[in-house]
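First the proteins, then the strands, lettered A, B, ... as listed; each starts at 1. Atom set for the values below is all heavy atoms of this structure, side chains included, hydrogens, waters and symmetry mates excluded.
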Amino acid sequence: METLAVIDFETTGMSPGHGARATEIAAVLVRGGAIVGRYQSLMNAGAYVPPFIEELTGISNAMIRKAPPAEQVMREVAEFVGVHPLAAHNAAFDRKFWDDELARIGLSRRQEFACSLLLARRIYPDAPNHKLGTLVEYARVPVAGRFHRALADAEMTASLLLRMEEELMRRFRLEAVSHELLRVIQAASRRELEACVERWRGVGG
DNA sequence: TGCCAGGCCCTCTTTAGGGCCTT
């Protein structure tokens with residue numbers, strides 16, 4: 001049975017290419033339609049947390065100073081995730097930080113990301129918007145805690161992915177939805193969801 | 001001190017611009 005690792009970063013800014021660093025990471029393991037494992041830690045990368053980010057996340061400079069070193073946390077979470085396929089909400093963002101923080105300890109990513117944002121745009125085109133908080137309400141996913149904290153966001157992203165997998169199974173009469181199928185769907189045009197799944201079914205996916 | 005990005009995708013498109021998402 002496939003296990004999926006859903007991750008979420010809190011950071012000091014938008015891009016590691018401009019000096020932003022991670023302040024917190026969470027990873028949850030999803031298997032058999034349920035969350036079966038959780039990892040969460042603040043991390044001290046020596047970076048300054050701007051006031052806007054402190055307000056947004058509730059993660060302060062004082063909290064970061066007392067947190068374990070980023071190197072230690074990244075080694076732990078990389079070990080926790082292993083080679084399981086990855087997922088995140090707006091994965092382009094988390095992928096940048098995952099790759100950057102791993103590179104700093106001499107590691108590299110071993111798997112691809114599924115993106116719950118791209119999937120939601122295809123599966124829930126009529127949602128008011130595709131922010132995580134809006135989708136949690138729209139898809140009736142349980143609120144797991146404070147938004148913009150890593151573990152709560154990772155758990156809600158995982159639950160949203162499970163809800164979308166259920167929707168795909170119902171709509172297309174599939175017995176299961178693999179990470180590979182999610183990758184195929186998110187890579188296809190928004191307007192071609194039906195044709196994309198039928199092609200997948202046709203080649204025995 | 002506290003600046004800042006970039007991929008996706010739509011459309012009044014493709015010789016481009018701008019909104020959506022993530023922190």
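OP1 or OP2 of B/dC21 has not a single side-chain nitrogen or oxygen of A/Arg95 nearer than 4.0 Å. The phosphate of B/dT22 has OP1 or OP2 within less than 4.0 Å of a side-chain N or O from A/His89. For the OP1/OP2 pair of B/dC3 and a distance below 4.0 Å, the side-chain nitrogens and oxygens of A/His18 include no atom meeting the criterion.
Atom CD1 in A/Ile7 sits roughly 14 Å away from atom C1' in B/dT23 (whole-Å rounding). Rounded to an integer number of Å, the gap from CE of A/Met14 to P of B/dC21 is 13 Å. The CG atom of A/Leu132 sits 17 Å away from the P atom of B/dC20 (whole-angstrom rounding). Between A/Leu86 atom CG and B/dT22 atom C1' there is a gap of 16 Å when expressed in whole angstrom units. Rounded to whole Å, atom C1' of B/dT23 lies 15 Å from atom CG of A/Leu42. Taking atom CG on A/Asn90 and atom P on B/dC8, their separation rounds to 10 Å, with Å as the unit. As a whole-Å value, the separation of A/His130 NE2 from B/dC10 P is 11 Å. Whole-Å rounding puts the A/Lys96 NZ to B/dG7 P distance at 8 Å.
Counting non-hydrogen atoms of neighbouring residues, nucleotides and ligands closer than 6.0 angstrom, the CD atom of A/Glu137 reaches no more than 12 such neighbours. Environment of NZ in A/Lys131: sparse, with no more than 12 heavy atoms of neighbouring residues, nucleotides or ligands closer than 6.0 Å.
Evaluation of A/Phe93 against the base of B/dG6 yields no stacking contact (centre distance < 5.5 Å, interplanar angle < 30° required).
To the nearest whole angstrom, the two P atoms, one in B/dT22 and one in B/dG2, are 26 Å apart. Look at the C1' atom in both B/dC3 and B/dT23: the space between them is 15 Å, to the nearest Å. For the P atoms, the distance linking B/dT13 with B/dG18 amounts to 14 Å, nearest Å. Comparing the same atom, P, in B/dG19 and in B/dC12 gives a spacing of 14 Å after rounding to whole Å.
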Begin from the C-alpha positions of A/Glu112 and A/Leu86 and carry the test side-chain contact (heavy atoms from CB on, under 4.5 Å) through to its verdict. CA-CA 6 Å; A/Glu112 295 295 336; A/Leu86 287 161; over 6 Å; no
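As judged by a 4.0 angstrom heavy-atom cut-off over every strand, A/Asp8 is placed among residues touching the sugar-phosphate backbone only. Using a 4.0 Å heavy-atom distance criterion, A/Phe52 is classed as a base contact. Residue A/Asp153 is classed as a sugar-phosphate contact, given heavy-atom separations below 4.0 Å to backbone atoms only. Counting non-hydrogen atoms under 4.0 angstrom, A/Thr57 reaches the backbone sugars and phosphates but no base. Using a 4.0 Å heavy-atom criterion, one finds that A/Arg190 contacts the sugar-phosphate atoms exclusively.
Taking every side-chain heavy atom of A/Lys131 into account, B/dC21 is the closest of B/dC21, B/dG7, B/dC8. Among the nucleotides B/dC21, B/dC8, B/dT23, the one closest to the side chain of A/Ile53 is B/dT23. Side-chain proximity of A/Arg122 to the nucleotides B/dC9, B/dG7, B/dG2 is greatest for B/dC9.
Nearest-nucleotide mapping onto DNA chain B: of A/Pro51 and A/Gly133, the residue sitting toward the 5' end is A/Pro51. Residues A/Asn129 and A/Ala188 each lie close to DNA chain B; by heavy-atom proximity, the contact nearer the 5' end of the strand is made by A/Ala188.
Within the 4.5 Å cutoff, side-chain heavy atoms of A/Arg122 are placed close to those of A/Leu118.
Ring geometry for A/Tyr124 versus A/Tyr138: interplanar angle over 60°, hence perpendicular rather than tilted (30 to 60°).
The two residues A/Ala67 and A/Asn44 have their closest heavy-atom pair at O-CB, 3.5 Å.
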